[in-house]
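The structure appears below as structure tokens.
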Amino acid sequence: MDPIVTSPERDKVEALPMQAHYGKALLIRQAEQTLLDLFAKGELFGTVHTCIGQEWTGVAVAAHLQSGDVVFSNHRCHGHYIAATDDVEGLIAEIMGRQAGVCGGRGGSQHLCAKGFFSNGVQGGMVPVAAGMALALKRAGKENMVVAFIGDGTLGEGALYESLNIISKWQLPVLIVLENNLYAQSTSQQQTLAGDILARPLAFGIPAWQANTWQPQDLLDTTSKAVAQIRQTQGPCFLRVDTYRLMAHSKGDDTRDPEEVRSQWQRDPLTLFLEAHGDEAASMQRAAQKRVAIAVEEARKSPFAIASAEEARPANQPPRWRLAELEGRDRVVNCIHSALRRNLQRDSRIILLGEDIEGPYGGAFKVTKNLSAEFPGRVLNTPISEGAIVGLGNGLALAGLIPVCEIMFGDFLTLVADQFINHAAKFRYMYNDQVRVPLIVRTPVGGKRGYGATHSQSLEKHFLGLPDTQVLAIHHRFDPGEFYDRLFATVDRPTLVIENKLLYTVGVEGRPEDGFALEYTNDLLPTTRLRPEGTMPDLTIVCYGGMLPDVEKAMDVLFHEHEIVCEVICPMRLYPLDLSPILESVWRSRRLLLVEEGTGFAAFGAEVAAQILEQAPGAVEALGRIGAPNHPIPSCGPLEKQILPGPAHIIGRARELVLVEESLTD
Amino acid sequence: MDQPLKKPVLVELPKENNNDESAKLLAWRVPAGTHVNAGQALAEFETSKTTFELYAPVAGIVQYRRHEGEEISVGSIVCIISENGRASFPDECDRPGVAAQSASPLVAAKLQPALAPSPMARSDPAPKGQRFSARARDVLSRHGLDPSKIAKRGLVRAADVMAALGLEKEALVPPGAKQSNGERVPPPLPAAEVPCRSEEIPRSKRLEIAFLRSGAQQALPSMVTLACPTLGLRAGAEQAGRNVSSVIVYEVGRLLLKYPSLNGFFADNHLHFYREVNIGFAFDAGRGLKVPVVRGADTKGLEELDLELRELTVKYLNDELAVESLAGGTFTISDLAHEGATFFSPLINQRQCAILGVGAEFFATGEKPGWFHLTLTFDHQLSNGREATQFLVDLSRRLSGYEKVWDAARRDEPYCRQCERTLSALHEIKAHLVEEVGRNGASSRICSLCMRGL
């Protein structure tokens, strides 16, 4: 972690009281006002959420940062950023969309990353990430702290409470700084906030402090105490800072009472400082103006952000196949377990998080049996907070660890969507390649156990296509242990691993049915093929994960009873997708059947069909897709088995596609 | 240069050296369905000696279905290059012959690469068992055949079994099903109470049954018999050192050109007439009934035929008859004379419409020489009684001429170099001799029949 730039002028003898701090605050204000001007001139993109009036919060906190501390902020992050890093130039260039900007112009006003500073624009979203970072720092034995800035509006978001619970229970060194400016965008706190602000952290057992920006010295002292407490106890603290936002929420959307705003200007500490200290203060202000003006000039010289180079796609090559050499018949769950175990041994960066994963329970599906005992402190039970689990994972990943978050049922992926989609998947690009997120989320999916509508789904389709992520599905024809070995050795982006729960008890099987060859491509996470021997396929069936055993059963019956020869292509990586093995097979058979357990609309099969149509319009003469029916999954066992895709559906659809003539014996 | 292809180009596997009848596909160089330029490398192959690249002969979109590691026989279609990438593959892409799939162990050994396998290459999978579909097993059991007769590896369907046995794709009519006349096939009578011993049909018999059943099923058989005077035919032949069988084959071969309705078969509501005359000669000397085929019997001379039949006899006795020798017959001759049968009704073979039976000599009391029966079973859908009779009369007349042939050999009459019939014998069948002068100035004689190829 890069050290945070500490306040350069801390040790200078000061002519004016808190001169250095005021200098910083003036710089922040000048920057914000300039940004508003630039916005009015049309030189900025999107909007800016200025912190004019609230500058002292950032200044006070920054005054207590040490090298190695990490700051997480929100949409109103400019002041925090300048206070912590002094990088006015980078900030202005960034908001102007220039390559000289902090994130090369990609992140913009709300998405900054530099020198131990992260911000994102989703309310409350960064708090669990901050908690994850704090966990990493604590495990590394550092005496650092993590700061998370929130507003009073953030008190509406669930992610905050999940995080408060965890940082308290796990005693993580996090300083939550709440800037209470009485408004969330246009909505007054009176309308939305129930109960008391400080009662909240106190309810979680987190020590709470309070100060305000109109009494800067008191604010500094209080912050000092809070920080000292954190460093001493290595536990969390909550600091409420009352303040007021003098300008609009973003730009031009201020519906507050003008009288109220005017009266706040009158008590604004910077205004008072300037009035009180005449020339000295004025010269400080001019210095700030000059610096900001130069920053704008420099920024204007820098070119706009450029498109990223496309990840080098390999030249259009046909897939290379090799026969599978799969030993053993161990159950899938055991293969996963062994892999987790040997990788935990091999790589100290790996840490497992999830509900009920510690011994003796060992996970809802026993995947993590006994691991917590063997690797104390690296296999952690979490509260039931799916969002925070993955948020923690994000923080751990930013800190350079390899977190493996188990989400107990794939149905609960809905709860991790924000952390996976708006945080994990975005960090690398919007922070301009400064970070990697080697996060692994693994989850059991699938039905046919009678668990009902909310414990049986296959929702992976909703996570397909997120740039810079990958979605993987294990199956029983490729050793899941080998799969995880390879994944752990190479993971460098948010990865969702789909494990069908029915597969857990299935034995890994290297011997294909008679008359078929089992082959893999020469990729890291290969596509598997069951190729018919001695004859050309009549039909290509594409499936993944838990549908493979059903497809194989269907393939068997289709040959034996209906003389339809199938070739099965089972990719392991659903996204990004390498189409070439599927295409090659389709050119052989000219017919394609796409099978998945989830609903079919805009799903994996639809994507494959669209890509094939684009790339090889003449290849397919008959196309079919099989998916779950268009309603939630019923709990009744026999009904569930009847309607969810299974061998019977596959056989029926295959026969329709191949239009076999019933010429014999009828 | 790159003009659009008018017709898809079928790219075949070239013969790279004299030893290898096939090569192994190591890797495709381009994905299926992509555009290639003329001269672009398509795929890498491996032979027993080396590796080589297959290049695109024209520009266009390449389509292929072969997979890595597949052994492909020379002349087979490897891929298709077309303008739009939507060409269909022909039904038969494989040149039959010495592909590793159905090769004897001797041949398969020759195909092992002489080189050490490259890192990418891998040994061919151990020949996995075959897998028969339910219908394939059905066909096998109905024809009483052993699955091991089917050489095809991998997945075997009913159509594959039919093809392997040379059977027509015919409707199998199980008991209870409706026949074409609308009546139901009567179920078999309940088994009799008489005790009996059962055994499996021996392998050799199964094939025989298959062929004969197939021949019978499509035909409307009828039979005509002619008694021919022997006139010392056999004795004369033995004296001249010629096989009577070869004489019969020779004459029948020429006659079938005159009677094409005896050289064809009925199928799919059509009459099919062969363009070749391949005469099968039934052998049964205790090693099972086999019918080796003399191909192009109408084009071969008497001496050549004689030699071929002798060779076939030897091979039969040594059990060395190759599979190819047994295939492709258009007409069959069955000679039971040596066994002593004077008259029998031969069965038409599969994909044929006639069979000639030759009986043993029999004598009227007190008389010598005797007679022998020539019997023709024929398919009434192609021919008829009158024509069949004319065929037999024609044959009989020609055969009877031979007695004079060998007689004349002693009398020094001029004779045809091809059929060895003498001048007087030819006059009797209204033919004549023609003198030929060869390139070196030597002269020989050929009869008008042989000159016309009859």
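Chain identifiers are assigned alphabetically (A, B, ...) following the order of the sequence lines, protein sequences preceding nucleic acid strands; residue numbering begins at 1 within each chain.
- With a 4.5 angstrom heavy-atom cutoff, B/Arg29 touches chain A only via backbone atoms.
- For chain B, no part of A/Pro537 is nearby; none of its heavy atoms comes within less than 4.5 Å.
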*asked:* side chain to side chain contact (heavy atoms under 4.5 Å, CB included), that's the test. Do A/Asp514 and B/Gln130 meet it? Break it down for me.
replied: CA-CA 7 Å; A/Asp514 268 347; B/Gln130 304 145 313; over 6 Å; no
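- Among the candidates B/Ser133, B/Gly33, B/Cys93, B/Ala27, the residue making the largest number of heavy-atom pairs closer than 4.5 Å to chain A is B/Ser133.
- In this structure, A/Arg486 places its CZ atom where more than 12 heavy-atom neighbours from other residues, nucleotides or ligands lie under 6.0 Å away.
- Between B/Arg131 and A/Glu513 the shortest side-chain heavy-atom distance falls below 4.5 Å.
- For B/Tyr64, the parts sitting under 4.5 Å from any heavy atom of chain A are the backbone and the side chain alike.
- One finds the CZ atom of B/Arg65 at 13.0 Å from the CD atom of A/Glu584 (value rounded to the nearest 0.5 Å).
- Residues A/Arg590 and B/Gln63 are in side-chain contact: their nearest non-hydrogen atoms beyond the backbone lie under 4.5 Å apart.
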*Could you check B/His67 against A/Met536 for side chain to side chain contact (heavy atoms under 4.5 Å, CB included), going step by step and ending with a plain yes or no?*
CA-CA 10 Å; B/His67 62 88; A/Met536 274 302 146; 6.0 Å; no
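- The CH2 atom of A/Trp587 lies 10.5 Å from the CD1 atom of B/Ile80; values are rounded to the nearest 0.5 Å.
- For B/Ala87, the part lying under 4.5 angstrom from a heavy atom of chain A is the backbone only.
- Inter-residue side-chain proximity for A/Glu563 and B/Leu155 is flagged as unmet; no heavy-atom pair is nearer than 4.5 Å.
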*Begin with the C-alpha distance, continue with both residues' side-chain angles, and end with the deciding distance and a verdict on side chain to side chain contact (heavy atoms under 4.5 Å, CB included) for A/Phe559 and B/Arg157.*
CA-CA 8 Å; A/Phe559 169 70; B/Arg157 296 183 268 195; 3.6 Å; yes
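- Proximity to chain B is limited to the side chain of A/Arg529, based on heavy atoms less than 4.5 angstrom apart.
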